[in-house]
There are 2 protein chains.
Amino acid sequence: MTTTDATDTLSVRRRGPSMADVAREANVSGQTVSRVSNGRSNVDADTRERVLAAMRKLGYRPNSAARALRSGRFHSIGVIMFTLSSFGNMRTLDAIAGAATDAGYSITLIPVPHPTQGEVSVAFDRLSEEAVDGVIIVVEAHLLDENDVVLPAGLPVVVVDSTAGGRYPMVDTDQAHGARLATEHLLGLGHRTVRHIAGPERSYSATHRREAWEATLREHGADVPPVLVGDWSSESGHELGLELARDPDVTAIFAANDQMALGVLRAMHEAGRAVPGEVSVVGFDDMEESRSFWPPLTTVRQFFGEVGRRSVEELLHEVETGERGGRTLVATELIIRDSTARPSA
Amino acid sequence: MTTTDATDTLSVRRRGPSMADVAREANVSGQTVSRVSNGRSNVDADTRERVLAAMRKLGYRPNSAARALRSGRFHSIGVIMFTLSSFGNMRTLDAIAGAATDAGYSITLIPVPHPTQGEVSVAFDRLSEEAVDGVIIVVEAHLLDENDVVLPAGLPVVVVDSTAGGRYPMVDTDQAHGARLATEHLLGLGHRTVRHIAGPERSYSATHRREAWEATLREHGADVPPVLVGDWSSESGHELGLELARDPDVTAIFAANDQMALGVLRAMHEAGRAVPGEVSVVGFDDMEESRSFWPPLTTVRQFFGEVGRRSVEELLHEVETGERGGRTLVATELIIRDSTARPSA
DNA sequence: CGCTGGCATGTTCACGTCAACATGCTGAGC
DNA sequence: GCTCAGCATGTTGACGTGAACATGCCAGCG
């Protein structure tokens, strides 16, 4: 019965059945198989059934490479991202993946092992092979600016949480708004001023949060104390927190992310300074665990899901219509828990 | 000068230059361009330079779809994963991405929005389109077993942290070993027995940890108290922790992950039970933040990176040679910090 | 009864690449 | 001077798909 016994030889037969095979089996033309495969309506019910049966029998799977070659569309979007370590990136990626899937696109991850310039170039080199319809970049700004990394011309790009010199459409959490929320909350409670533990100097989001914190203090006529600079890790928050714990004047701390806030909490416990009794602490991100910190952390919630969804939306709009988007800001929300209170004085 | 002014019309010209365009520009045949593109040695230095110049001038990028069609290889591996929410999954994904990139493969994410059977099928449907050379599945076991989800025949698969009925090669953290380490550590400190907060009933890793905890207690002649069942979240750890805090006999708790351990810590603080003074707590995972919990958490470290790397290794081995792997176990390590101590009695 | 329109189905060809098979040239060896 | 090896380069065709363009059939209508 079988027509291709030669297949049974030891030589690994990699290729699966093609349309032609299905067509032969169902006694129709390849084009009819194509129509069934794509759910076209103009196929007789009987014929369709016969074709579907043949597909099932042979285990036919459409070859996406051939489709992409034919149509010029890959139905895939690339995501360039640093080691997925960070909580926010994860959540963003998750949302991107979900939104892309819903839109019928798959996600190709393009990881950047280390955030050094050389490595970033490597990631972009991967793009030199045409394989995605567009790219979402989730990488710190300065790495894009300093590298004269040239993205393939005409490749739609959306940048998340970064500036990229304004060259591309971007989607971003409203960092400034969030930092303002946090600072005003503490000021509103009666604290004379607010200390800030910032993220790394060259980070886009860290910079925006720091600037907004400073601006808010000025607007309210509060002192602007020196910034402490961490590296996003809870370790750095802990170290800097110990430093702040030594200063009795410190009553309010705004950490640029929840991890550093966690480190601050630990430092305060170690130093015997009560939170929120003596010192109030606010974070940024609202990660899953923040509600279970001790005490549960007051923090600025970022809507990573929204950021991811919007960036896919923007990108696919450009992919499908050619129109470039502008800048999209996603709001934040202050989540008040138990790590903040009026100063005891 | 330009030959294709028609391109400038409004109609979006999606396709980039092809080999033929480069060939024309460099005055060589397409085959020569192909040879240069693939770094073959048998090309005259001058010619090569001319071709490279033409490529640069036109912004040529090889079309991966055409390559895949021609070669039958996609140089891409699919990763099926639940919402990337969990810390461990992220880290695993990160390692998978890194290892795949190093091997010249790209990663196609196939997210499963919700861990219900229907959704899993959807994810597998995506695979019905031929587009990856192999698949790594990071999904809880029972969802694979209960669905008669049939993977395309002949598609290499590696399963991570799951059983999948033993149908496929797997790479897994040695859950049992880790749970044993944790339990023996607490027993060794002098605790009479150890309470366990497990992950969800049907989770593969949760089950293995629970079983090993129980077995270890028995081996040491300790009481086997009832298990509490959480859902991996710090919230559930908190709730169950409050329950345990009420029982003065409880002196040692082994939580099945760090998040739940965090919830337990919070519960103990709220209940005024000192950690580790009155109650010792051990987690599982060693997430980045665990060292900054209050107190810093004693926990079982999982080597997610190793798991990811190994699974890629296994998969690519099968992709390239056709040989199926077996089962790979990755060891764990106990990280002792400040949340455990001898019982005060 | 012949004409037309609508529908199911078939045929042809190009998408971009690269393996396999020419071709043509240079120079070493006899 | 002739042969032939060795190398650079060219030509042809096929990978699997689907758009564009046939073809052929039947119903409806004047």
Side-chain angles (χ1 to χ4, degrees), chain A residues 4 7 11-52 54-55 58-75 128-133 152, chain B residues 11-52 54-55 58-75 128-133 152:
Chain A
T4 48
T7 296
S11 75
V12 193
R13 148 92 132 140
R14 273 284 161 213
R15 306 254 179 185
S18 73
M19 273 193 171
D21 299 318
V22 176
R24 210 171 306 119
E25 175 75 27
N27 233 318
V28 296
S29 74
Q31 187 54 216
T32 299
V33 177
S34 172
R35 284 189 263 256
V36 171
S37 177
N38 291 308
R40 294 291 152 71
S41 58
N42 53 345
V43 178
D44 185 80
D46 285 352
T47 309
R48 178 185 306 276
E49 204 38 66
R50 196 146 35 92
V51 170
L52 288 174
M55 284 179 171
L58 300 179
Y60 168 75
R61 298 186 293 149
N63 183 310
S64 68
R67 278 195 171 159
L69 177 58
R70 184 80 242 284
S71 67
R73 287 292 173 78
F74 298 89
H75 282 279
S128 66
E129 177 139 329
E130 200 162 352
V132 293
D133 299 314
Chain B
S11 75
V12 193
R13 149 89 134 144
R14 274 284 162 212
R15 305 254 177 185
S18 72
M19 273 193 170
D21 299 318
V22 176
R24 210 172 305 120
E25 175 76 25
N27 233 317
V28 296
S29 73
Q31 186 55 216
T32 298
V33 178
S34 171
R35 284 190 262 255
V36 171
S37 177
N38 292 309
R40 294 292 152 72
S41 57
N42 53 344
V43 178
D44 186 79
D46 286 352
T47 310
R48 177 185 307 276
E49 205 37 67
R50 197 147 35 91
V51 170
L52 288 173
M55 284 179 172
L58 299 180
Y60 168 75
R61 297 187 293 148
N63 183 308
S64 68
R67 279 194 170 158
L69 178 59
R70 185 82 238 288
S71 69
R73 286 291 173 79
F74 297 88
H75 283 278
S128 65
E129 178 140 327
E130 202 162 351
V132 293
D133 299 315

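Quantities reported herein were computed from a predicted structural model and do not represent experimental measurements.
Remark: B:Asn38, B:Arg40 in residues 37-46 of chain B come within less than 4.0 Å of DNA chain C through at least one heavy atom.
Among the heavy atoms of the strands, none lies under 4.0 Å from A:Val33.
To the nearest angstrom, P of C:dC7 lies 15 Å from CZ of A:Arg48. Taking atom CZ of B:Arg73 as the reference point, atom C1' of C:dA19 lies 16 Å away to the nearest angstrom. Here the C1' atom of nucleotide D:dG16 and the CZ atom of A:Arg61 are 14 Å apart, to the nearest Å. Rounded to whole Å, the distance from NE2 on A:His75 to P on D:dT17 is 15 Å. The separation between B:Arg24 atom CZ and D:dG10 atom C1' is 16 Å, rounded to whole Å. At whole-Å resolution of the value, CE in B:Met55 and P in C:dG16 are 15 Å apart.
Between B:Arg67 and the phosphate of C:dG16, there is no side-chain N or O to OP1/OP2 separation shorter than 4.0 Å. Under 4.0 angstrom from either OP1 or OP2 of D:dT9 there lies at least one side-chain N or O belonging to B:Thr47. Between A:Arg35 and C:dA8, a side-chain N or O to OP1/OP2 separation shorter than 4.0 Å is absent. Note on B:Thr32: every side-chain N or O is 4.0 Å or more away from OP1 and OP2 of D:dA8. An OP1 or OP2 oxygen of D:dC15 is reached within less than 4.0 angstrom by no side-chain nitrogen or oxygen of A:Ser18.
Across the helix from C:dC1-D:dG30 to C:dC30-D:dG1, the helix axis at one end is tilted relative to the axis at the other end by 60° (nearest 10 degrees, each axis from five pairs).
Partners of A:Gln31 according to the side-chain hydrogen bond (donor to acceptor under 3.5 Å, both in side chains) rule, which considers only residues two or more places apart in sequence or in another chain, do not exist here. Residues meeting the side chain to side chain contact (heavy atoms under 4.5 Å, CB included) test with B:Ala68, sequence neighbours left out: A:Ala65, B:Phe74. The side chain to side chain contact (heavy atoms under 4.5 Å, CB included) search around A:Asp46 returns A:Asp44, not counting sequence neighbours. For A:Ser37, the side-chain hydrogen bond (donor to acceptor under 3.5 Å, both in side chains) partners two or more places apart in sequence, or in a different chain, are A:Arg67. Considering only residues two or more places apart in sequence or on other chains, A:Ser29 meets the side-chain hydrogen bond (donor to acceptor under 3.5 Å, both in side chains) condition with A:Thr32. Every residue was checked against the salt bridge (charged side-chain N to carboxylate O under 4.0 Å, His left out) condition with A:Arg50, not counting sequence neighbours, and none meets it. Take B:Arg70 and apply the side chain to side chain contact (heavy atoms under 4.5 Å, CB included) test, not counting sequence neighbours, and it matches no residue.
Interatomic distance, CZ of A:Arg35 versus CZ of A:Arg48, reported as 11.0 Å (0.5 Å rounding).
Taking every heavy atom of both residues into account, A:Val33 and A:Val51 meet most closely at CA-CG1, 4.2 Å. Heavy atoms only, all atoms of each residue included: A:Ser64 and B:Ala131 are closest at OG-CB, 3.0 Å. Closest non-hydrogen pair, A:Asp133 versus A:Gly72, comes out as OD1-O, 4.4 Å. Here the closest heavy-atom approach between residue A:Leu69 and residue B:Ala66 is recorded as CD1-CB, 3.8 Å. Here the closest heavy-atom approach between residue B:Met19 and residue B:Ser34 is recorded as CE-CA, 3.1 Å.
Relative to the side chain of A:Tyr60, the nucleotides D:dG18, C:dG16, D:dT17 differ in distance, and D:dT17 lies closest.
Across A:Val22, A:Asp21, A:Leu52, a single residue satisfies side chain to side chain contact (heavy atoms under 4.5 Å, CB included) together with A:Tyr60, and that is A:Val22.
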Below 3.5 Å is the cut-off: list the nitrogen or oxygen pairs between protein and nucleotides 12-15 of chain C, distance only.
unit_1 : atom_1 : unit_2  : atom_2 : d
C:dC15 : O3'    : B:Arg15 : NH1    : 3.1

Report each atom pair, protein N/O against N/O of nucleotides 23-27 of chain D, whose distance is under 3.5 angstrom.
none

